[in-house]
Amino acid sequence: EVQLQASGGGLVQAGGSLTLSCVASGFTFDDYAVGWFRQAPGKEREAVSCISIPHKDTYYADSVKGRFTISGGASRNTVYLQMSNVKPEDTAVYYCAADRFFDCSMLVQLTRPHDYWGLGTQVTVSS
């Protein structure tokens with residue numbers, strides 16, 4: 001079965017670190033842009049970060065620049081989001097999405113459903 005799975009969430013203290021993983025089953029990310037989105041209760045979904053393997057570009061929301069790092073794994077079916085110096089406002093459910101042949105500007109601005117969308121993982125930052 002072809003799908004995405006996000007994992008790695010949990011409870012972390014402010015100032016701490018956490019690494020999320022997005023794993024593809026049934027395909028690799030060689031031709032894909034992979035993005036991380038988050039949604040907090042009562043707030044709109046926000047594009048957090050993206051990496052486009054075919055276009056070799058990355059994207060970070062202003063709110064996470066300098067604190068989060070996105071990278072592809074050597075296995076070619078995993079993308080990581082390293083979160084450091086986390087803040088309470090980073091608390092949300094984090095989702096990953098993938099779109100074939102996209103660059104990151106296309107992925108973060110997409111208004112139709114993504115090619116693949118994974119179940120979320122909860123990140124809670126305590127103050």
Side-chain angles (χ1 to χ4, degrees):
E1 183 181 1
V2 177
Q3 62 178 1
L4 287 182
Q5 179 65 56
S7 64
L11 175 64
V12 60
Q13 286 191 330
S17 300
L18 203 63
T19 297
L20 306 183
S21 300
C22 177
V23 179
S25 298
F27 68 105
T28 68
F29 288 138
D30 290 353
D31 296 331
Y32 285 82
V34 182
W36 285 96
F37 296 80
R38 67 186 180 187
Q39 188 161 23
K43 295 189 176 181
E44 291 190 357
R45 191 176 73 190
E46 174 189 19
V48 175
S49 186
C50 169
I51 184 168
S52 172
I53 309 302
H55 293 275
K56 298 179 173 57
D57 70 337
T58 58
Y59 163 86
Y60 295 96
D62 288 342
S63 57
V64 306
K65 278 181 183 176
R67 301 188 298 119
F68 290 11
T69 303
I70 193 168
S71 61
S75 62
R76 296 161 56 205
N77 72 331
T78 305
V79 165
Y80 301 101
L81 184 69
Q82 296 174 279
M83 306 166 63
S84 61
N85 190 24
V86 294
K87 303 176 180 180
E89 51 264 42
D90 294 323
T91 295
V93 179
Y94 284 71
Y95 304 87
C96 61
D99 294 287
R100 199 173 185 194
F101 302 133
F102 274 27
D103 62 26
C104 282
S105 65
M106 297 166 70
L107 182 144
V108 301
Q109 297 177 57
L110 189 66
T111 55
R112 63 159 174 79
H114 296 273
D115 289 350
Y116 298 102
W117 181 263
L119 295 177
T121 185
Q122 175 71 47
V123 173
T124 303
V125 182
S126 63
S127 57

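Predicted model only: the values in this text are computed from it and were never measured.
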Could you state the interatomic distance from [atom1] ([X]) to [atom2] ([Y]), rounded to the nearest 0.5 Å?
{"X": "Phe27", "Y": "Tyr32", "atom1": "CZ", "atom2": "OH", "answer": "5.0 Å"}
{"X": "Asn77", "Y": "Ser21", "atom1": "CG", "atom2": "OG", "answer": "10.5 Å"}
{"X": "Phe68", "Y": "Ser84", "atom1": "CZ", "atom2": "OG", "answer": "7.5 Å"}
{"X": "Trp117", "Y": "Tyr95", "atom1": "CH2", "atom2": "OH", "answer": "7.0 Å"}

Please tabulate, for the side chains in residues 39-48, all donor-acceptor contacts under 3.5 angstrom to protein atoms that are two or more places apart in sequence or on a different chain.
unit_1, atom_1, unit_2, atom_2, d
Gln39, NE2, Lys43, O, 3.1
Glu46, OE1, Arg38, NE, 2.8
Glu46, OE1, Arg38, NH2, 3.2
Glu46, OE2, Ser63, OG, 3.1

- prompt: Is Val125 close to Glu89 at the side-chain level, that is, under 4.5 Å between some pair of heavy atoms?
  reply: no
task: State, with a plain yes or no, whether a side-chain heavy atom of Tyr116 is found less than 4.5 Å away from one of Val34.
output: no
Given 3.5 Å as the limit, does a donor-acceptor pair link the side chain of [X] with the main chain of [Y], or not?
{"X": "Arg67", "Y": "Asn85", "value": "yes"}
{"X": "Thr78", "Y": "Cys22", "value": "no"}
{"X": "Thr58", "Y": "Ile51", "value": "no"}

query: What pairs with Lys56 under salt bridge (charged side-chain N to carboxylate O under 4.0 Å, His left out), at least two apart in sequence or on another chain?
result: none
message: Let me check something: do Phe37 and Val93 share a hydrophobic cluster, defined by ILVMFWY side-chain heavy atoms less than 4.5 Å apart, either directly or through other members?
response: yes
query: Are Met83 and Tyr59 in one and the same hydrophobic cluster, where Ile, Leu, Val, Met, Phe, Trp and Tyr link if side-chain heavy atoms are under 4.5 Å apart?
result: no
- line: Sorted by chain and residue number, the side chain to side chain contact (heavy atoms under 4.5 Å, CB included) partners of Pro54 (sequence neighbours excluded) come out as Ser52
query: Quick one: side chain to side chain contact (heavy atoms under 4.5 Å, CB included) partners of Ser71, sequence neighbours excluded?
result: Tyr80, Gln82
- prompt: Is Asp90 paired with Lys87 through a side-chain N to carboxylate O contact shorter than 4.0 Å?
  reply: no
Can you give each donor-acceptor pair under 3.5 Å made by side-chain atoms of residues 8-20, sequence neighbours left out, with the distance rounded to 0.1 Å?
none

Distance-only donor-acceptor hits, side chain of residues 96-111, under 3.5 Å, sequence neighbours excluded:
unit_1, atom_1, unit_2, atom_2, d
Asp99, OD1, Asp115, N, 2.8
Asp99, OD2, His114, ND1, 2.6
Arg100, NH2, Asp31, OD2, 3.4
Asp103, OD1, Ser105, N, 3.2
Asp103, OD1, Ser105, OG, 2.9
Asp103, OD1, Met106, N, 2.9
Gln109, NE2, Ser105, O, 3.2

